[in-house]
Amino acid sequence: MLNKAVTNCIRESYKTLQDQLPGFIPRRAQNYLVAEIAKSLAGEYSDTHRMIVAEAGTGIGKSLAYLLSTIPFAKLNNKKVVISTATVALQEQLAHKDLPFYRRISPLPFSFIIAKGRQRYCCSHKLALLVETNHEEDKQTALFTEKPKKKDLDLLRRMYKALSEGKWDGDTDSWPTTIPPSIWQTIVSDKYSCHNGLPMHRDCPFQKAREHLDKADVVIANHSLVMADIDLGGGVVLSEPEQTIYIFDEAHHLPNVAREHSSAAANLKGTASWLESLNKSVSKFCNLADQKRVNRFQNTLHENLQELIPSLNQLSKQFDPTLFNDDGIYRFQHGEIPTWLAEQAKELKELSTKANQALAKISDLISERMKDGELAPRMAEPALAEMGFYLQRLENLAQVWFLMAKPNSDKGAPLARWLEKSKDRESDTVINVSPLEVGWQLEQNLWSRAAGAVIVSATMRALNSYSFFCKQAGISEKPEDGVRFLSLASPFNYQENAQLVIPKLSMEPSAPGFTDLLIEELPFYLADQTSSLVLFSSY
């Protein structure tokens, strides 16, 4: 049953809301959504599945509804709240508008913070290495996937200067221009070399961003970060699922994000190239570790690399160029790959897994010597940072071949497997693998463990049914499981107040001059309107 203290808190917040907003008109659908979220979290529909799935149309006020209902329940039941969105725009809206407003009207004090994934932050030590040693050819080879251009090095220097002077926080989203992916990958924070166990990384942007995360009552995250935390077992980056009430806004994106997290890809020649660089650096790394303990790992790594490199180079020549369509893609029908490729995948899985494990052991041995004071940080940390690049890539490579070698199950959809001509390297081929169904993973790792879940979007149903979304997201529709489903229409009367106009324009939206054309044309359509809201797609 819903606790009286929670009910009183919601009512008090709502009354303050009415008092603070002159001309406020209560929305019946919003009030209903608040009540149903609160009852679902309190276990009135199910004690085991405290979940509500709500499709709420534009104008209902979903954000305020789930804040009004969820935060009081969480605070009074000692739970954390994680609000997960699909876009940075909604994160910013919640952080700078909705949550500050709700905090003003809430009788319960609470704190909130934005959490972004490790991949959104640069590693200050890697950035320093690239800027301070970019004149060394071997260092360039190790840290860049291909030789950097002058403009790339200039960009890195500007970033380093801004970070050093405190004018940039290391977040890719706060840099004034788009950072090319090839450059960002060289400085991005990684779990292997960027952790606070290493002195030079304790002040990295990622570590600073995480300092106050555990103390916050409400964490604003995104679907990708939540999936990353769940993949790690939950409670690694965010709070434990059993102590967390999740709010998934823009929830129709969730299955796709979960699918991306379970996918993997690698280019063949490009991989062989960085494996060559790793092979040349193995002795350099091993010289920093305990010689008696490192020998067998060094031998294992060399042996597996010396088999991996020619195998990948040879494999890139075995795919018939005529297989690819005009877009440079070839899809294996029903995800079934030929026997020879399946056998090759098994071998490559073993080789890449063993190489990854051996390099990880070497990295651990270097870390041990540094922590024990046997090795100076100035010698160990550059090597550990460089090894972090390789460990990430080897882990991804092992995952690619694990999925490629995995036989399709008789139950459920097969894995999608396809080849793609590389856009970055001529004559190179990218191997791609992705699951089609991820619902069971979400159910097992998230829904069955969460203290509660609020799943909302303006668009979730297909053909007036939640079945497709539920299958994709692993949510049970069985009445006995008690998941609450709710569909609320927008308060806007579109049928009477809206019209569909398809203007005759002289160019396509993708044309360079389309924005200027739009600026000229829009006033004509909006001239006689009292006020207008103009919406654009993300792209």
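Here the structure is a predicted model, which is why all the values come from computation and not from measurement. If you read the sequence from its start, that first residue is 1, and numbering goes on from there.
Taking the six-membered ring for Trp and the full ring otherwise, Phe110 and Tyr102 have centroids separated by under 6.0 Å.
Smallest separation of non-hydrogen atoms from Pro255 and Val438: O-CG2, 3.7 Å. Between Lys79 and Glu242, the shortest heavy-atom contact is NZ-O, 3.7 Å. Closest non-hydrogen pair, Ala216 versus Ile113, comes out as CB-CG2, 3.5 Å.
Inspection of the His223 and Thr85 side chains reveals no N or O donor paired with an N or O acceptor under 3.5 Å. Inspection of the Ser111 and Asp217 side chains reveals an N or O donor paired with an N or O acceptor under 3.5 Å. Side-chain contact check for Trp168 and Ser174: at least one donor-acceptor pair (N or O, by modelled atom type) lies under 3.5 Å. Judged by distance alone, the side chains of Gln119 and Ser189 never bring a donor and an acceptor atom under 3.5 Å apart. There is a side-chain donor-acceptor pair under 3.5 Å between Gln472 and Arg259. A side-chain donor from one of Ser239 and Thr244 sits under 3.5 Å from a side-chain acceptor of the other.
For the salt bridge (Lys or Arg N to Asp or Glu O under 4.0 Å) test with Asp154, the passing option among Arg157, Lys151, Arg158 is Arg157; the others fail. The side chain to side chain donor-acceptor pair (under 3.5 Å) test with Thr87 singles out one residue from His253, Gln93, Glu250, and that residue is Glu250. Checked options Arg120, Arg118, Lys116; the residue passing with Asp171 is Lys116 (criterion: salt bridge (Lys or Arg N to Asp or Glu O under 4.0 Å)).
Proximity of Ser63 to Asp249: side-chain heavy atoms (C-beta onward) are separated by under 4.5 Å at one or more points.
In this structure, Ile71 CD1 and Ile245 CD1 are separated by 10.0 Å, a value rounded to the nearest 0.5 Å.
When the ring-ring contact (aromatic ring centres under 6.0 Å, His included) test is applied to Phe112, no partner is found at least two apart in sequence or on another chain. With sequence neighbours excluded, the residues satisfying ring-ring contact (aromatic ring centres under 6.0 Å, His included) with Tyr246 are Phe248.
Ion pairing between Glu386 and Lys126 fails under the 4.0 Å rule for side-chain N and carboxylate O.
Sorted by first and then second residue, the side chain to side chain donor-acceptor pair (under 3.5 Å) pairs with a member in residues 346-358 form an empty list; sequence neighbours excluded.
More than 12 non-hydrogen atoms from other residues, nucleotides or ligands lie less than 6.0 angstrom from CZ of Arg449.
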